[in-house]
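Quick note: residue numbers are just sequence positions, from 1. Since the structure is predicted, the reported quantities are computational estimates derived from the model, not experimental observations. Computed from heavy atoms alone, side chains included, the values below leave out hydrogens, waters and symmetry copies.
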Amino acid sequence: MASIGLLLIRFVFGLTFAGHGAQKLFGWFGGHGLKGTAGWIESIGLKPGKAMALAAGASELAGGILFAIGLWTPLAALLMVVPMIVAIAKVHGPNGYWVTQNGYEYNLAIIAVAIGVALTGPGQYSLDAIIFG
């Protein structure tokens, strides 16, 4: 049952995270695409905006997909954690904890889940288990 629980956690968090990457890169799911994301990223002081948007979007998309399928789980977790640390430092941290005040609550939840699964392992229903035994 623990592996089914890990599969559920990986799928929900991983695919949601990948969706955020797709918003940044392609404008899917109501996102602004690379150009819009680049402009916003420059507005918060990260330059060059296009390179930073590409890095953030690619990290979120790749990390989320890898996390969802349970492949290279420690790397997937790292690809999820790094953009969340940047989001806390540059956007959400000054607003306090609660997401209702644009705080870092959601970012911290993603960090905790990613690190927790990386430390626990992705479970038997993962590509890591199939490939690496």
(request) Specify the closest pair of heavy atoms between L78 and P83, including all atoms of both residues, with the distance to one decimal. (result) O-CD, 4.4 Å
(request) Check whether V113 and L66 end up in the same hydrophobic cluster, where Ile, Leu, Val, Met, Phe, Trp and Tyr are linked by side-chain heavy atoms less than 4.5 Å apart. (result) no
(request) Applying side-chain contact (heavy atoms from CB on, under 4.5 Å) between V81 and each of I115, N107, I110, report the one that passes. (result) I115
(message) A side-chain contact here means heavy atoms from C-beta on lying under 4.5 Å apart; do F132 and W72 qualify?
(response) yes
(request) Please examine the side chains of L25 and T37, heavy atoms only from C-beta on, and report whether any two atoms are closer than 4.5 Å. (result) no
(message) For L46, give me all partners under side-chain contact (heavy atoms from CB on, under 4.5 Å), at least two apart in sequence or on another chain.
(response) I41, I44, M52, V86, K90
(request) Starting at OG1 of T16, measure out to CE of M80 and round the result to the nearest 0.5 Å. (result) 9.0 Å
(message) Do L61 and L54 sit in one hydrophobic cluster, given that two such residues count as connected whenever their side-chain heavy atoms are within less than 4.5 Å of each other, even indirectly?
(response) yes
(request) Give the C-alpha distance, both sets of side-chain angles, the deciding distance and a yes or no for ring pair (Phe, Tyr, Trp, His ring centres under 6.0 Å) between F67 and F17. (result) CA-CA 9 Å; F67 196 76; F17 204 72; 8.6 Å; no
(request) Decide yes or no for M84 and E60: does some side-chain heavy atom of the first lie under 4.5 Å from some side-chain heavy atom of the second? (result) yes
(message) Any heavy-atom pair between the side chains of L79 and S59 that's under 4.5 Å?
(response) yes
(request) Could you check if a side-chain atom of Q23 sits within less than 4.5 angstrom of a side-chain atom of F29, using non-hydrogen atoms only? (result) yes
